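Quick notes on the structure that follows.
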Number of protein chains: 2
Amino acid sequence: MELAALTAIGRTRQLTAGESIIWEGEDSVLVANVIDGVLKLSTNTEDGREQIVGVVYPSDFIGRPFGGTTGHGVTALTDAKVCVFSRRDFDAFAREHPALEHKLLERTLGELDRTRRWMLLLGRKSAAEKMASFLVEMTERLSGSSCRVERDKPNQRILTLPFSRQQIADVLGLTIETVSRQFTRLKNEGVIDLPSRREVTILDFDTLVAEAG
Amino acid sequence: MELAALTAIGRTRQLTAGESIIWEGEDSVLVANVIDGVLKLSTNTEDGREQIVGVVYPSDFIGRPFGGTTGHGVTALTDAKVCVFSRRDFDAFAREHPALEHKLLERTLGELDRTRRWMLLLGRKSAAEKMASFLVEMTERLSGSSCRVERDKPNQRILTLPFSRQQIADVLGLTIETVSRQFTRLKNEGVIDLPSRREVTILDFDTLVAEAG
DNA sequence: CGGCAATTTGACTATCCTCAACAGGGGTGG
DNA sequence: CCACCCCTGTTGAGGATAGTCAAATTGCCG
């Protein structure tokens, strides 16, 4: 299979939480595959406001093949392991392996769909709807990995979020204070519980879905 | 060239302004190339709020190849001409023509970049910044086609927008009233002029760029 | 010229942001 | 092992931006 040859031109790299491997605006010199961990894609305004424009999980692809500059930085949210390729090598390899390009095309189309759905959230949803949408998405994305279920409470999911409050705000286009207030509101209403800073227990998933707009 | 064979499996279709060719949520049954005109890609919340998630111009690609349902509707903003393909035919054709897939991949990657940049606008920019960004983008996109220059005023560009006020609001994640107020503010400040409903004269492009954030 | 839809304007309101103070908790060093 | 400290997150008060609702105006088309 081609994967062997592809692996040969890549090398794995370990990242610690907070470490960046690609910076906004620089020439695209490398691409990578996520092996383990969660990374964010983000852009900033000149005056420092940040918007997280994508979140990538294991098996996702990072970087901008085929020329151009990268429009967003890539930073590890958790400790992460990635398989890095020189963009030149990758480009050449891809052009010779249509099956790989096809796979990449399918992934990119899916990513574009997901990104566009997120635009509806950013442009048209209220803070409450944004938070609910976020928690629904997180429940789906973290199913399996960072998700525990207590034996006696099968409807509850305990998620370990890969985001700080500030990062959640940067995903949703809100401020950290608004995010915090929404969390405490949902907790007071019995929809979620907050066992620790990075954990959320989903008590009433249906209400979240309804509130997501 | 392969284009001949591709054209053989497609057929051109004329759309009048306001007409849709793809609806949100339906199975992806066709894809198309824009020959002439401007179309919007949009999603709606259940309660009717709309967000325009993309705008396509001549030579752009429409639709979702390779399975899946389309996450957004496609509607003509102006009268338009498109070259339509059955998705089945197109998928099969594409798989046999890596050069076409490569081209489509490059386009899709570019579209993803542009979409992500727009997320920064939706999530983090003020109404004034959104309007300025919009007018800057329009000036760039419409250079040539819907753009006139008076002989004696080379720095002014007269744009014919393919959007109504409501549609501008749906692009920017604002209300129609806010868009209208921003237009009159910019006009009062001498940055633009508004000769008619669909036209904008750019008097001071630099100020717009500065105000775009 | 009249009718209709799109746009503008105005007054008021709500949501979310800003600024500021406070609380918690996890880790470190005594 | 406990106390302290610092960072992150929470809470509060007040304010600004953009939304809502309503009315007036424009301009387009028959």
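The structure displayed is predicted, hence computed values, not measured ones. So that the names make sense, note that chain A is the first sequence line, chain B the second, and so on, each numbered from 1.
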| Sub-4.5 Å side-chain heavy-atom contact between B:L159 and B:E199 | no
Judged by nearest nucleotide, the residue sitting upstream toward the 5' end of DNA chain C, A:L174 or A:S196, is A:L174
Quiz item: Side chains of A:E177 and A:S180: donor-acceptor distance under 3.5 Å anywhere?
Solution: no
note: B:R181, atom CZ; D:dA22, atom C1'; distance rounded to Å ~ 12 Å
Here the distance between atom P of D:dT10 and atom CD1 of A:I176, to the nearest Å, is 8 Å
Salt-bridge present (A:E211, A:R185; N to O < 4.0 Å):
yes
Result for 5'-nearest mapping on DNA chain C, choosing between B:Q166 and A:T175, is B:Q166
From CD of B:E177 across to C1' of D:dA24 the rounded distance in Å is 14 Å
By nearest-nucleotide position on DNA chain D, the 5'-leaning member of B:G173 and B:R197 is B:G173
Separation of C:dC16 atom C1' from A:L122 atom CG, nearest Å, is 15 Å
Neighbour count >12 (heavy atoms, 6.0 Å) for atom CZ, A:R88 | no
Quiz item: Does B:S126 have a side-chain nitrogen or oxygen under 4.0 Å from the phosphate oxygens OP1 or OP2 of D:dT17?
Solution: no
- Min side-chain heavy-atom separation A:M138-A:P162 under 4.5 Å: yes
To the nearest angstrom, the CE-P distance between B:M131 and D:dA18 comes to 12 Å
Between CD1 of B:I168 and P of C:dT8 the distance, given in whole Å, is 9 Å
Rounded to whole Å, the CZ-P distance (A:R124 to D:dA18) equals 13 Å
A:R185 CZ to C:dT15 C1', in whole Å, measures 13 Å
Under 4.0 Å from OP1 or OP2 of C:dT9: is there any side-chain N or O of B:T184 that close? yes
Look at the side-chain N and O atoms of A:S180 and state whether any lies under 4.0 Å from the OP1 or OP2 oxygen of D:dT10.
-> yes
Out of D:dA18, C:dG10, C:dT8, minimum distance to the side chain of B:R165 belongs to C:dT8
